[in-house]
Amino acid sequence: MITFGLIRWDIISDYMPMLVKIGVKTTFELTVVAVSVGTLLGLILSLMRLSHFRLFSLVSKVYIDFFRGTPLLVQILFIHFAVLPTIGSFPNIVSGFVALSLNSGAYIAEIFRAGIQSIDRGQMEAARSLGMSYPQAMRYIIIPQAIKRVLPALGNEFIAMLKDSSLVSVIAVQELAMTGSLVNGRTARPFEAYGPVAIMYLILTMILSQFVAYLERRFGKSDIRA
Amino acid sequence: MIYVRNLHKRFDKLEVLRGIDCHIKPKEVVVVIGPSGSGKSTFLRCINLLEMPTDGEIVVDGFNMTDKDTNINKVREEVGMVFQHFNLFPHMTALENVALALEKVRKMPVAQAESVAAEMLDKVGLSDKAGNYPGQLSGGQQQRVAIGRALAMRPKVMLFDEPTSALDPEMVGEVLAVMKELAREGMTMVVVSHEMGFAKEVGDRVLFMDEGIIIEEGTPEEVFGSPKHERTQSFLSKILI
Ligand SMILES: Nc1ncnc2c1ncn2[C@@H]1O[C@H](COP(=O)(O)OP(=O)(O)OP(=O)(O)O)[C@@H](O)[C@H]1O
Ligand SMILES: [Mg+2]
């Protein structure tokens, strides 16, 4: 039975600055980059996947299959130790940015593809019959509706990405989870080390959920009934 | 205005249009009737190339639609289309629905596009609904916005595919009234509809289609009053009960 009385609050407060300034900050950066680049990449990949140009569609399919069919951990290692060194030398966190972005791009592409395909055919036809080109119809009619429809799924993916960013600790990027391990290593007090880590993840997840909820409200304004 | 020659359309094995020939003159109102699955929608959709014809030629306002060199988007601007299920853009207000193509296709400044859009909504009797989203409008109102949206592009021809068949009966009248007004103003119209009253009042010609060809055509009086073809007779007897 653990009581609050046994917790060494002094350890928690001593390491709190490091936890926040290094761990939370790094995890936050990894997530923001992965989610933003991943969303953009996912949108492009989904449009390629749905394109009538066979080559585009095939390239996108191979990409998506590869990144969804192999473990993120392996992708991180592969990108860090095999791919990036052939281009140049980068700080470890760059490998983290690249791996997480490429991975989330594949998942988000599938989310967008399903969203775009779920929009009634009549929307595209109405747009085209008004003289809009295919890209215009996509941009002004189909994609805005698709994004609105997939926001909940996108939110889940963002949260998954936030949590999966802990995997980059394997290439010694000091994000939140790894910071916890460092504290544990120095103090041998696992509760004081990992407890705050879990709470920080929870707070970050809640902030992300709030952000998605805000987006849902913004995109949902046409749902207001008279 | 519209010349259709030997139009064929096939979906894989299914030959839906089997040689349609017709000529629609400027200001003419042509009503297309026929049993379900006879190819009426496909015919209409071929006219603005929402379906790609398998064979044949379609010329709209001097533009050969089936010619590879024709800019399809450009010609589509001249052909307005109204759908059975309205197909309004649900994420935009009524005004935005009407203004969008003016801004993006006609490249009008926003203020001008919106003033034209407001004018169009006024024309279909919906000025007070400009700021409403489609989800906040009745079916009849949505269809009138859809008509206004197509009209805003100042098309030379308007195509209507069963514009009232998804509506509750009490809303049919308001949509037909807008269409009748358009007909009186001299709009060239091709209307797939089984609204007999509309056809008789403003229709210049009725085409009866069955199994992918035009079986019979004539004035509304001729086709409805004394159909020559046996299939026309049996079809009319079914919808007139
Ligand atoms: N995209 C498509 N792919 C395959 N078959 C199609 C497609 N569109 C239409 N068809 C088929 O073509 C035939 C004619 O369809 P069409 O919609 O033109 O008929 P219609 O006369 O408009 O019927 P309705 O009165 O029910 O609207 C039908 O058998 C339909 O199933
Ligand atoms: Mg039809």
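It should be emphasised that the depicted structure is a prediction, and the values quoted were computed from it without experimental measurement. Quick note on labels: first sequence line is chain A, next is B, and so on, each numbered from 1.
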- For B:S127 and B:D122, does a side-chain donor sit closer than 3.5 Å to a side-chain acceptor? yes
- Task: Return the option, out of B:L88, B:V82, B:V79, with the maximum number of heavy-atom pairs under 4.5 Å with chain A.
- Result: B:L88
- Compare every heavy atom of B:L7 with every heavy atom of B:F43, then report the nearest pair and how far apart it is. CD1-CD2, 3.8 Å
- Quick one: which of B:V105, B:T93, B:L49 has the most heavy-atom pairs under 4.5 Å with chain A, could you say? B:V105
- Task: Could you tell me whether B:F63 atom CZ has more than 12 heavy atoms of other residues or ligands within 6.0 Å of it?
- Result: no
- Would a distance-only check, ignoring hydrogens and angles, find a side-chain to backbone donor-acceptor pair under 3.5 Å from B:E28 to B:R205? no
- Note on the structure: For residues 128-154 of chain A against chain B, heavy atoms under 4.5 Å, the residues are A:R128, A:S129, A:L130, A:G131, A:M132, A:S133, A:Q136, A:Y140, A:I141, A:P144, A:Q145
- Message: Between A:E157 and A:R68, does any NZ, NE, NH1 or NH2 come within less than 4.0 Å of an OD or OE carboxylate oxygen?
- Response: no
- Query: Looking only at heavy atoms, what is the nearest atom pair of B:T66 and B:I58, with distance?
  - Reply: OG1-N, 3.3 Å
- Under a 4.5 Å heavy-atom cut-off, does chain A meet the side chain of B:F89, its backbone, both or neither? both
- Name the member of B:G80, B:P134, B:P90 that forms the most heavy-atom pairs with chain A at distances under 4.5 Å. B:P90
- Between B:E78, B:R45, B:H85, the one whose heavy-atom pairs under 4.5 Å with chain A are most numerous: B:R45
- For atom CZ of A:F56, is the number of surrounding heavy atoms from other residues, nucleotides or ligands below 6.0 Å larger than 12? no
- Are B:T42 and B:E51 linked by a side-chain donor-acceptor pair shorter than 3.5 Å? no
